[in-house]
Amino acid sequence: KGCVPHDLIPPNSDLQKLYNSKDFIRFIETVLGLNKIYSYKDTLSSINYNYYEKNQQLGWHFDNASFAITLMIENADSGGIFEYINKGRDYEKNYLNKKLIQNVLSDNYPIKKLAVEPGSLLLFYGRNYLHRVTPVTSNKGRILVTLNYNLEKGIELSKNARKIFFGRTN
């Protein structure tokens, strides 16, 4: 997948204003039933534009952030399907069901698919939900924005993760 990292999004953009808006943060806290959430400290991954062109995908993974808010901008004509399971990990309890995850990776477990239309806002516990985006198979790509937040202060990606996802560490 391609990505425009947070540090390349203009500071005065509407997207930055939304991400930092106290009203938006209160909205998320209310919808999720949380007392307090925190902006992601990471300078590359707090806000991202993600795009998938033909044959691009994002493999099975758990997120580093507690949860992501995804705003779908454009769907691919085919492929680029968001798939997930809502079992297998509980980060807060340090629990990981390796057998279940192996079954998912071996195509031996039922996968949930979510059709997300342009304009949809998805609140997703990516830290605990194993998920992926299947390969885009059309010439029209898939474009979305992710806004990442945490239940703890000061969370950021490791240098290794920054290198993998962005090709740089800062």
Residues that D63 engages under side chain to side chain contact (heavy atoms under 4.5 Å, CB included), provided they are two or more places apart = H61, A68, H131
Tell me the salt bridge (charged side-chain N to carboxylate O under 4.0 Å, His left out) pairs involving residues 5-20, sequence neighbours left out?
-> D7-R168
Chi angles and distances behind the side-chain contact (heavy atoms from CB on, under 4.5 Å) call for R142, V133 | CA-CA 10 Å; R142 178 182 200 265; V133 175; 3.6 Å; yes
Main-chain N/O of N86 paired with N128 side-chain donor or acceptor, under 3.5 Å = no
Output for pair (T146 OG1, H6 NE2), nearest 0.5 Å, gives 11.0 Å
Just jot down the salt bridge (Lys or Arg N to Asp or Glu O under 4.0 Å) partners of D42, sequence neighbours excluded, or say none.
-> R162
Would you say the side chain of E152 lies within less than 4.5 Å of the side chain of S66, judging by non-hydrogen atoms?
-> yes
When rounded to the nearest 0.5 angstrom, what distance separates OG1 in T43 from CG in L157?
-> 9.0 Å
Applying ring pair (Phe, Tyr, Trp, His ring centres under 6.0 Å), which residue pairs with at least one partner in residues 39-58 are found, sequence neighbours left out?
-> none
Considering all heavy atoms, the nearest T134-G79 contact | OG1-C, 4.0 Å
Please report the shortest heavy-atom distance between Q56 and E53, naming the atom on each side.
-> OE1-N, 2.7 Å
How many angstroms lie between CG in N103 and CG in N97, if you round to the nearest 0.5 Å?
-> 8.5 Å
Find out if a path of hydrophobic residues (ILVMFWY) with successive side-chain heavy-atom gaps under 4.5 Å connects F165 to I155.
-> yes
Counting heavy atoms not belonging to N108, are there more than 12 under 6.0 Å from its CG?
-> yes
Distance (rounded to the nearest 0.5 Å) between T169 OG1 and L44 CG | 8.5 Å
Please go through L96's hydrophobic cluster and name the other residues, only I, L, V, M, F, W, Y counting, with side-chain heavy atoms under 4.5 Å joining them.
-> W60, F62, I85, L100, I101, V104, L105, Y109, I111, L130
Minimal heavy-atom distance between S138 and K54, with the atoms involved, is O-CB, 3.4 Å
Out of curiosity, does F82 fall in the hydrophobic cluster containing V136 (side-chain heavy atoms, cut-off under 4.5 Å, transitive links)?
-> yes
For K140, what residues pass the salt bridge (Lys or Arg N to Asp or Glu O under 4.0 Å) criterion, not counting sequence neighbours?
-> D77
Examine Y38 and L151 and state if one hydrophobic cluster contains both, with Ile, Leu, Val, Met, Phe, Trp and Tyr joined whenever side-chain heavy atoms are less than 4.5 Å apart.
-> no
Residues in ring pair (Phe, Tyr, Trp, His ring centres under 6.0 Å) with Y149, at least two apart?
-> Y19
Salt bridge (charged side-chain N to carboxylate O under 4.0 Å, His left out) pairs touching residues 84-102, sequence neighbours excluded, are E92-R127
Could you tabulate the donor-acceptor pairs under 3.5 Å formed by side-chain atoms of residues 23-32, not counting sequence neighbours?
{"residue": "D23", "atom": "OD1", "partner": "R26", "partner atom": "NH2", "Å": "3.3"}
{"residue": "E29", "atom": "OE2", "partner": "I37", "partner atom": "N", "Å": "3.0"}
{"residue": "T30", "atom": "OG1", "partner": "R26", "partner atom": "O", "Å": "2.9"}

In the hydrophobic cluster built from side-chain contacts under 4.5 Å, what are the other members alongside I164?
-> none
Working to the nearest 0.5 Å, report the span between CG of N50 and CG of L58.
-> 8.0 Å
Where N48 and P5 come nearest, the two heavy atoms and their spacing = ND2-CA, 3.4 Å
Can you name the nearest heavy-atom pair linking I143 to M72, along with the distance?
-> O-SD, 3.4 Å
Write down the atom of S78, the atom of T137, and the distance for their closest heavy-atom approach.
-> OG-OG1, 2.6 Å
By side chain to side chain contact (heavy atoms under 4.5 Å, CB included) - contacts of S158 (at least two apart) = N160, A161
Side-chain donor-acceptor distances from residues 113-125 under 3.5 Å, at least two apart:
{"residue": "K113", "atom": "NZ", "partner": "E83", "partner atom": "OE2", "Å": "3.2"}
{"residue": "S120", "atom": "OG", "partner": "E117", "partner atom": "N", "Å": "3.3"}
{"residue": "S120", "atom": "OG", "partner": "E117", "partner atom": "O", "Å": "2.8"}

Between atom CD1 of I69 and atom CD1 of I47, what is the distance when rounded to the nearest 0.5 Å?
-> 11.0 Å
